[in-house]
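Note sheet for the following structure.
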Amino acid sequence: MKLNLSRVVRGCRLGTLNNLGKKGDRTMEFPGCLLYTRTGSAPHLTHDTLQVISGIPVMTQLTLSSLAEHYEILEEYKEGIGKFIGMPESVFYCSLHDPVNTCPPGYVTNKSVSVWGVGGRLEMTAAKFMTIQQALQPDWFQCLSDGEALCGEVFSAKRARKSVDRSLAFLDECLKLQEQSEVLRSCVMIGVIEGGDIREERLRSARETAKRPVGGFLLDGFHGDAMTKETKLQLMSSVTAELPEDKPRLIFGIGQPDEVLECIEAGVDLFESFFPYQVTERGCALTFSFDYQPNPEDTVLQQNGKKKEGGDNRDHIDKVTTIKCIPETAFEINLKEKKYRDDFGPLVEGCSCYCCKNHSRAYVHHLLVTNELLAGVLLMMHNFQHYFGFFCAIREALRKDRLGQLKELICKQATS
Amino acid sequence: FPPSWLSLALRVVAECGRSKARACELRLPHSTVATPVFMPVGTQGTMKGVTAVQLDGLGCRICLGNTYHLGMRPGPELIQKAGGLHGFMNWNRNLLTDSGGFQMVSLLALSEVTEEGVRFHSPYDGAEILLSPEKSVEIQNALGSDIMMQLDDVVSSTLTCSRVEEAMHRSIRWLDRCISANQRPDQQNLFAIIQGGLDPVLRSKCLEEMTKRDVPGFAIGGLSGGKNHLPREKPRYLMGVGYATDLVVCVALGCDMFDCVFPTRTVRFGSALVPTGNLQLKKKQFAKDFRPIDEACMCPTCQRHTRAFLHVLLHSNNTAALHHVTVHNIAYQLRLMDAIWTSIVEHRFPDFVRDFMKTMYGDVGRCPGWAVEALQSVGIPLS
């Protein structure tokens, strides 16, 4: 695997990762995102509906939490997770946890980390962890790590230090085990940067992890609300400054468009695509514009943006069902709202996804109201394509040194 | 083929020399359909989690929409605005809608049937609604289906003779009202529904009367097993039948069209249809089974996935698991009908039936009695 950095603009890296995959013939651009999956499948989508989406990432994210409990099946299958899930052509990154499902704290010990699958808690020592990875045979995998730096809701320096110590210990043990396995030697280990909100710990984690022969780095613990945005971004920049230029930087749990841009400015390369899934689950469609060079005659922004129509209370009552979930962002519209009942336009004007080319807002609204499975399928197709299009626009903007304009456009929508 | 200005035409391509099975081509406004045909049921304007393109790709040329459900949500006015149900779902093949009557009677406990129609209370706001023959046709006209069903007076065939007879006569009167109410006879084909319960005399009388109305096709609401002398040149639609064995036997008895929710509804249990019955994929026995659902199946699910993977996925909350099985089950049903069609055209339908029953049941002793008798009655003994 080789990283080609084509340019760095105000901290933002643009480039490609070449020679990816078992055959060493795949290339991935960054900044970019990975295809989010749940139990080895894109949510709601079969191969046919997935393939229709433009801009599908070269690399797919698998989560150990959804697959670990099945490792014995994979061992017997022998041919690796890619073929097992029906994606033999894809390149895989296996993360420890799922960014959507948070797991209960307090289960990491000096010897083990736990993940939660359908069958309950699965405790893994380094040895068990590597055995499972050996059965999965992903191209990249996140090393076993301690991602807890909180004591309750607040960061604890002591706990942060422990998370760094443990993660380094796990890393060394896993590297040793990797050496002993021919199968695992062809997989790339991703080192995990921990340390909570403690600057010294973050720097220690970065420097020490960078000393080890890992193929890339995962910035962990920057999701959620425990840190202020300021602290988060400062720490991120400090961390990436310590990391070698020629290895990719992934980040866990960050997906909102405005936050993605901030992280890219802080030196991050790769993101997950769980955010479009969350949008789908609340019956929403991504509508934010990333066209920072619009045709002056277009009124796309007005058409698709959130309209202020006499108060938020009325919108709330007008929704047919209310589901308790993470609140909607300003980047999306809620198709359950009554106003879409007879809106025969596409989800987003000008979008070329399967849903926008074939169906209307009214139809998707109907599917949501009647609780039909197709709603999730169509929304996922649109939301993935929209999100992948956003990353394409980021790369394009970096190529033309116009990221500032894109950022301004996104931020304007974030606060509308 | 009869003149193209007719909105429906049936061409008999081949007939089984022994049984009443026939292989036909049914020309409908949106495309030609080979019969015998199985029509999957897309109740609320969608075929579960399968897209219109996927459904078309499986070879489906006609499917069902439910008038009751769609009439409630989103309602006929909205669907008409969307360009009919075809436009709303973006389905360019054929659609068949039912009258709405059956579902109302079965889903709504407090319905009352009078000469006017079916009176009931809306489950959403309690308002009183009357579904009359005129109203049913009005909704179906708005939906724009290629085939629509008359509103019939649905009664259980186990009821007393007098109620069954009353229903039969009323259904004839309602057929006339439906025919009068049809605003689009050149684009939408109104089928009659033969009533009469289990009484061959009543059914015969009903058929005699309904045939006089020159409807483009007939539905049979439930199996009677007796001699149905339905006109040869018009399609015969057996409503609500779709289990594989039932399809094969009823084709032998002379039926052309079938619909059933079973293949798509059984998916929620992780049940996949195969020539030997079904596989309960959520069961442990499939955890390490690395074969596809059906080695001979050409559907996208079987071409790419194993039982073991589907087993894992069905135990997750990723709905993709259901879509894989829905695709397969629809493919299974369509492939069965295709095999039936070919066997009739190649004059080997009786052998096909025997092979089918052998695969499904093993020996004759395990075949359902009614199937053995029915097949015997049309010249296909099983032993």
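So that the names make sense, note that chain A is the first sequence line, chain B the second, and so on, each numbered from 1. All values below were derived from every heavy atom in this structure, side-chain atoms included, with hydrogens, water molecules and symmetry-related copies excluded. These figures come from a predicted structure and were not determined experimentally.
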Self-check item: Residues B/Asn318 and A/Thr39: side-chain donor-acceptor under 3.5 angstrom
Solution: no
Exercise. With rounding to the nearest 0.5 Å, note down the distance linking OG in A/Ser54 to NE2 in A/His386.
Key: 13.0 Å
Quiz prompt | Which portion of B/Gln44 sits near chain A, non-hydrogen atoms under 4.5 angstrom | solution = both
Quiz prompt | Which of A/Leu378, A/Ile73, A/Leu67, A/Asp342 touches chain B most, by non-hydrogen pairs under 4.5 Å | solution = A/Ile73
Quiz item: So, do B/Phe309 and A/Phe84 have ring centers that fall under 6.0 Å from each other?
Solution: yes
Quiz item: For A/Val183, does its backbone N or O pair with a side-chain atom of A/Gln137 as donor and acceptor, under 3.5 Å?
Solution: no
Quiz item: Given a strict heavy-atom distance threshold of 4.5 Å, which part of A/Ala375 is in contact with chain B: side chain, backbone, both, or neither?
Solution: neither
Self-check item: Atom group of B/Met72 that falls short of 4.5 Å from chain A, counting heavy atoms
Solution: neither
Quiz item: Does a donor on one side chain sit under 3.5 Å from an acceptor on the other, for A/Arg121 and A/Ser114?
Solution: yes
Quiz item: With a 4.5 Å limit on heavy-atom distance, are the side chains of A/Pro138 and A/Tyr93 in contact?
Solution: no
Quiz prompt | B/Leu322 portion near chain A, given a 4.5 angstrom heavy-atom threshold | solution = side chain
Quiz item: Taking the six-membered ring for Trp, are A/His382 and A/Tyr354 ring centroids under 6.0 Å apart?
Solution: no
Quiz item: Quick one: do the B/Asn141 and B/Gln188 side chains pair a donor with an acceptor below 3.5 Å?
Solution: yes
Quiz item: Can we say A/Glu332 and A/Arg282 salt-bridge, meaning some charged N sits less than 4.0 Å from an Asp/Glu carboxylate O?
Solution: yes
Self-check item: B/His305 portion near chain A, given a 4.5 angstrom heavy-atom threshold
Solution: side chain
Exercise. Look at the aromatic rings of A/His44 and A/Tyr277 and report parallel, tilted or perpendicular, splitting at 30° and 60°.
Key: tilted
Exercise. Tell me, for A/Phe344 versus chain B, whether the close heavy atoms (under 4.5 Å) come from the side chain, the backbone, both or neither.
Key: side chain
Practice problem: Can you tell me which residue pairs pass the salt bridge (Lys or Arg N to Asp or Glu O under 4.0 Å) test with a partner in residues 59-70 of chain B, sequence neighbours excluded? | Solution: B/Asp56-B/Arg61
Practice problem: Just do the side chain to side chain contact (heavy atoms under 4.5 Å, CB included) check on A/Ser95 and A/Gln142 with the steps written out, would you? | Solution: CA-CA 5 Å; A/Ser95 64; A/Gln142 170 187 351; 3.7 Å; yes
Self-check item: B/Leu279 and B/Phe286, any side-chain heavy atoms less than 4.5 Å apart
Solution: yes
Quiz item: Taking B/Leu313, B/Thr306, B/Thr51 one by one, which has the highest count of heavy-atom pairs under 4.5 Å against chain A?
Solution: B/Thr51
Practice problem: Give the C-alpha distance, both sets of side-chain angles, the deciding distance and a yes or no for side chain to side chain contact (heavy atoms under 4.5 Å, CB included) between A/Trp116 and A/Ser65. | Solution: CA-CA 6 Å; A/Trp116 277 259; A/Ser65 50; 5.9 Å; no
Exercise. Output the option from A/Val377, A/Thr46, A/Val52 having the highest count of non-hydrogen pairs under 4.5 Å with chain B.
Key: A/Thr46
Practice problem: May I ask you to test the A/Gln61-A/Leu35 pair for a side-chain heavy-atom distance under 4.5 Å? | Solution: no
Quiz item: Top residue by heavy-atom pair count (under 4.5 Å) with chain B, among A/Ile85, A/Val118, A/Thr49?
Solution: A/Ile85
Quiz item: Could you walk me through whether B/Leu130 and B/Val118 pass the side chain to side chain contact (heavy atoms under 4.5 Å, CB included) check?
Solution: CA-CA 6 Å; B/Leu130 171 73; B/Val118 184; 5.9 Å; no
Self-check item: Toward chain A, the part of B/Val50 with a non-hydrogen atom under 4.5 Å
Solution: backbone
Quiz prompt | Top of A/Glu72, A/His366, A/Glu372, A/Arg341 for chain B proximity - count of heavy-atom pairs under 4.5 angstrom | solution = A/His366
Exercise. Among A/Met87, A/Lys83, A/Arg38, A/Met380, single out the residue with the greatest number of heavy-atom pairs under 4.5 Å to chain B.
Key: A/Arg38
Practice problem: Evaluate the side-chain hydrogen bond (donor to acceptor under 3.5 Å, both in side chains) criterion for residues A/Gln385 and A/Asn383: first the C-alpha distance (whole Å), next the side-chain angles of each, then the deciding distance (0.1 Å), finally the verdict. | Solution: CA-CA 5 Å; A/Gln385 181 152 328; A/Asn383 289 335; over 6 Å; no
Self-check item: Any residue of residues 262-271 of chain B which, by heavy atoms, sits under 4.5 Å from chain A
Solution: none
Quiz item: Quick one: does A/Glu123's side chain get under 4.5 Å of A/Val113's, heavy atoms only?
Solution: no
Self-check item: Ring centers of B/His315, B/His311 separated by less than 6.0 Å
Solution: yes
Practice problem: Give me the contact list for residues 287-298 of chain B versus chain A, heavy atoms only, anything under 4.5 Å, ordered by residue number. | Solution: B/Ala287, B/Lys288, B/Phe290
Quiz item: Would B/His323 and B/Thr319 count as a side chain to side chain contact (heavy atoms under 4.5 Å, CB included) if you check the C-alpha gap in whole Å, the side-chain angles of each, and the deciding distance to 0.1 Å?
Solution: CA-CA 7 Å; B/His323 311 328; B/Thr319 70; 3.1 Å; yes
Quiz prompt | Residues from residues 90-100 of chain B approaching chain A under 4.5 Å (heavy atoms) | solution = B/Asn90
Quiz item: Where does A/Leu367 contact chain B at under 4.5 Å (heavy atoms): side chain, backbone, both or neither?
Solution: side chain
